Structures are given as C-alpha cells and as structure tokens.
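Values below: all heavy atoms of this structure, side chains included; hydrogens, waters and symmetry mates excluded. Since the model is a prediction, treat every value here as computed from it, not as a measurement.
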Amino acid sequence: TARSAVAEADLTLYLIDASEACRDPAHPAALDLANAGIIKDSGKPSILVLNKIDLVKNKALLLPLMERWAAGGVFQEIVPVSAEAGSGCEALLAAITARLPAGDRLYPDDYWSDLPEKFFVAELIREGIFRHLYQELPYSAAVVVEEFDEASRAGGFVRIRADIHIEKESQKAIVIGKGGAMLKTV
C-alpha cells in the first residue's frame, strides 16, 4: 500500500503532471489529498516534483499550483522539472541529496552495482531490441546470457553468447532480419 511504502522510505518524491494540473485545476493530480495526507502523516522528508513544465505554455499557471501544494505543508520543497528536456533535473538531484540520510556504505567503493555484469549485458541487448524494433515487436522479449567469457577481456573484448526469447515464432524473422542484419544492428 502507499502508506507502507512511504513509511519504509527515507524520502518521498511525489510526481505530478504539471501540464495536466495547470490545464485542469480540478484534475486529481492537481491536489490529491489522500496521498498528501499519507505523506504528511509519515513525518518523512518529501519533495513534490512538477514534471512536464515544458508543456505548460503559460508559466504563470505554475505559481498558483505550487502555492496550493505549499499551503498544505506536506512538502519541504517543490521542484519543477521537464524530464524530457532535462531542465530542473540538477535541482531535483540536489534536493534529493540534501534530504537523504547519511549512512554506512553498503558496498565497497569499486562496486557500481549489486547485480552481476550478465544482468546488464542482457538488459543492453533487450534495450537494443526495443530501440530498433519498437514498432514491430511487442515488449515481450527476454534475453538470457548463456556465456560470459572474461578470459578474452585482456584483449579488450569479452565473448558473450546470449539467447533471445520471444513470444511468437512469427517474431523470430523480425528479430533476425534479412541475412541477420537486424541481429547485427541490435
């Protein structure tokens, strides 16, 4: 539930579509009192993120929206951003960083993830499939890395063998492409 998720978090980010909220002040995203109450009751730090500000033609409409949310005393900060354009993201990162509690490191400095490299290889292949076949292939592909030979790493390469699993046999030709061209592209 939302209440248990907020209770377990160190910081709550509440994201709303500013373009919708500015277009229709009665829109649920404009002032969701139930979620605001859960966040306020938790006593945890919270930030309101107003996304899609690039779609708000009249920026003066943002101020009343921000004032309404600020009046509730739920959020320590309200940060307008455009995730697509990348504006406001540095301010959001700074707001998050300022409110996260300090703690002991969970992993050594040279760890960049708790997941194995095979996982990221599989995800990169899946990303390539969806990037190049987004119109032809539904999001039902899975990648399993069968071989990850690091012995060749000294030469600058790692030998990887992966299987691509798709939902329908008819999609096989789409993923492979003529003469294997799509597979090479992916």
Side-chain angles (χ1 to χ4, degrees), residues 1-103 105-107 111-115 117 119-143 182 185-186:
T1 67
R3 190 169 301 280
S4 64
V6 170
E8 293 176 22
D10 291 324
L11 169 68
T12 302
L13 295 180
Y14 191 68
L15 177 74
I16 68 169
D17 181 340
S19 66
E20 276 295 318
C22 286
R23 189 175 312 119
D24 177 12
H27 189 274
L31 188 58
D32 185 337
L33 296 175
N35 284 327
I38 291 170
I39 294 167
K40 189 172 185 175
D41 291 347
S42 75
K44 303 279 180 90
S46 56
I47 300 170
L48 174 64
V49 182
L50 300 175
N51 192 24
K52 299 186 180 182
I53 60 166
D54 55 316
L55 300 179
V56 177
K57 301 298 181 214
N58 182 358
K59 301 294 188 225
L61 295 174
L62 287 171
L63 190 57
L65 179 65
M66 294 170 74
E67 287 173 347
R68 263 196 319 251
W69 277 100
V74 176
F75 301 99
Q76 286 74 48
E77 191 162 348
I78 299 173
V79 183
V81 301
S82 169
E84 186 171 298
S87 64
C89 294
E90 287 183 17
L92 178 59
L93 184 59
I96 292 169
T97 304
R99 285 169 181 77
L100 285 177
R105 290 187 175 273
L106 298 176
Y107 303 100
Y111 275 43
W112 54 275
S113 174
D114 62 336
L115 298 170
E117 283 181 298
F119 169 81
F120 292 101
V121 168
E123 286 301 299
L124 284 170
I125 295 170
R126 269 184 92 234
E127 179 185 0
I129 292 167
F130 297 136
R131 182 180 300 141
H132 297 290
L133 297 169
Y134 66 95
Q135 291 178 336
E136 292 91 0
L137 190 69
Y139 288 90
S140 59
V143 177
M182 183 53 68
T185 300
V186 168

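Residues that satisfy the side-chain contact (heavy atoms from CB on, under 4.5 Å) test with N58, not counting sequence neighbours, are A60, L61.
Minimum interatomic distance between S82 and C89 (heavy atoms only, all atoms of both residues): O-SG, 4.3 Å. Across all non-hydrogen atoms, the minimal contact from D41 to R3 is OD2-NH1, 3.9 Å.
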Quiz item: Passes side-chain contact (heavy atoms from CB on, under 4.5 Å), L65 versus L50? Steps please.
Solution: CA-CA 9 Å; L65 179 65; L50 300 175; 4.0 Å; yes
Exercise. Kindly determine whether T12 and F75 satisfy side-chain contact (heavy atoms from CB on, under 4.5 Å), including the steps that lead there.
Key: CA-CA 9 Å; T12 302; F75 301 99; 5.7 Å; no
Quiz prompt | Worked check of side-chain contact (heavy atoms from CB on, under 4.5 Å) between V143 and I129 | solution = CA-CA 10 Å; V143 177; I129 292 167; 4.1 Å; yes
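Centroid-to-centroid, the aromatic rings of Y14 and W69 come within less than 6.0 Å.
L62 is listed as a side-chain neighbour of V56, based on a closest heavy-atom distance under 4.5 Å. Counting only heavy atoms from C-beta outward, the side chains of I47 and V79 approach each other to under 4.5 Å.
Counting non-hydrogen atoms of other residues, nucleotides and ligands closer than 6.0 Å to CD of E67 gives a total above 12.
One distance of note links NZ of K44 with CD1 of I39; it measures 12.5 Å at 0.5 Å rounding. Annotation: the span from L48 atom CG to L15 atom CG amounts to 8.5 Å, rounded to 0.5 Å. For the atom pair CG of L11 and OG of S42, the computed distance is 10.0 Å after rounding to the nearest 0.5 Å. Between the CD atom of E84 and the CD1 atom of I53 there is a distance of 12.5 Å, given to the nearest 0.5 Å. Summarising the geometry, atom OH belonging to Y111 is positioned 13.5 Å from atom CZ belonging to R105; distances are rounded to the nearest 0.5 Å. One distance of note links CZ of R131 with OG1 of T185; it measures 12.0 Å at 0.5 Å rounding.
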Check residues 90-102 and write down every donor-acceptor pair under 3.5 Å in which the side-chain atom is one partner and the other belongs to a residue at least two apart or another chain.
| residue | atom | partner | partner atom | Å |
| --- | --- | --- | --- | --- |
| T97 | OG1 | L93 | O | 2.8 |
| R99 | NH1 | E77 | OE1 | 3.0 |
| R99 | NH1 | A95 | O | 3.2 |
| R99 | NH2 | E77 | OE1 | 3.1 |

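K52 places no side-chain N or O within 3.5 Å of a backbone atom of E20 that could act as its donor or acceptor partner.
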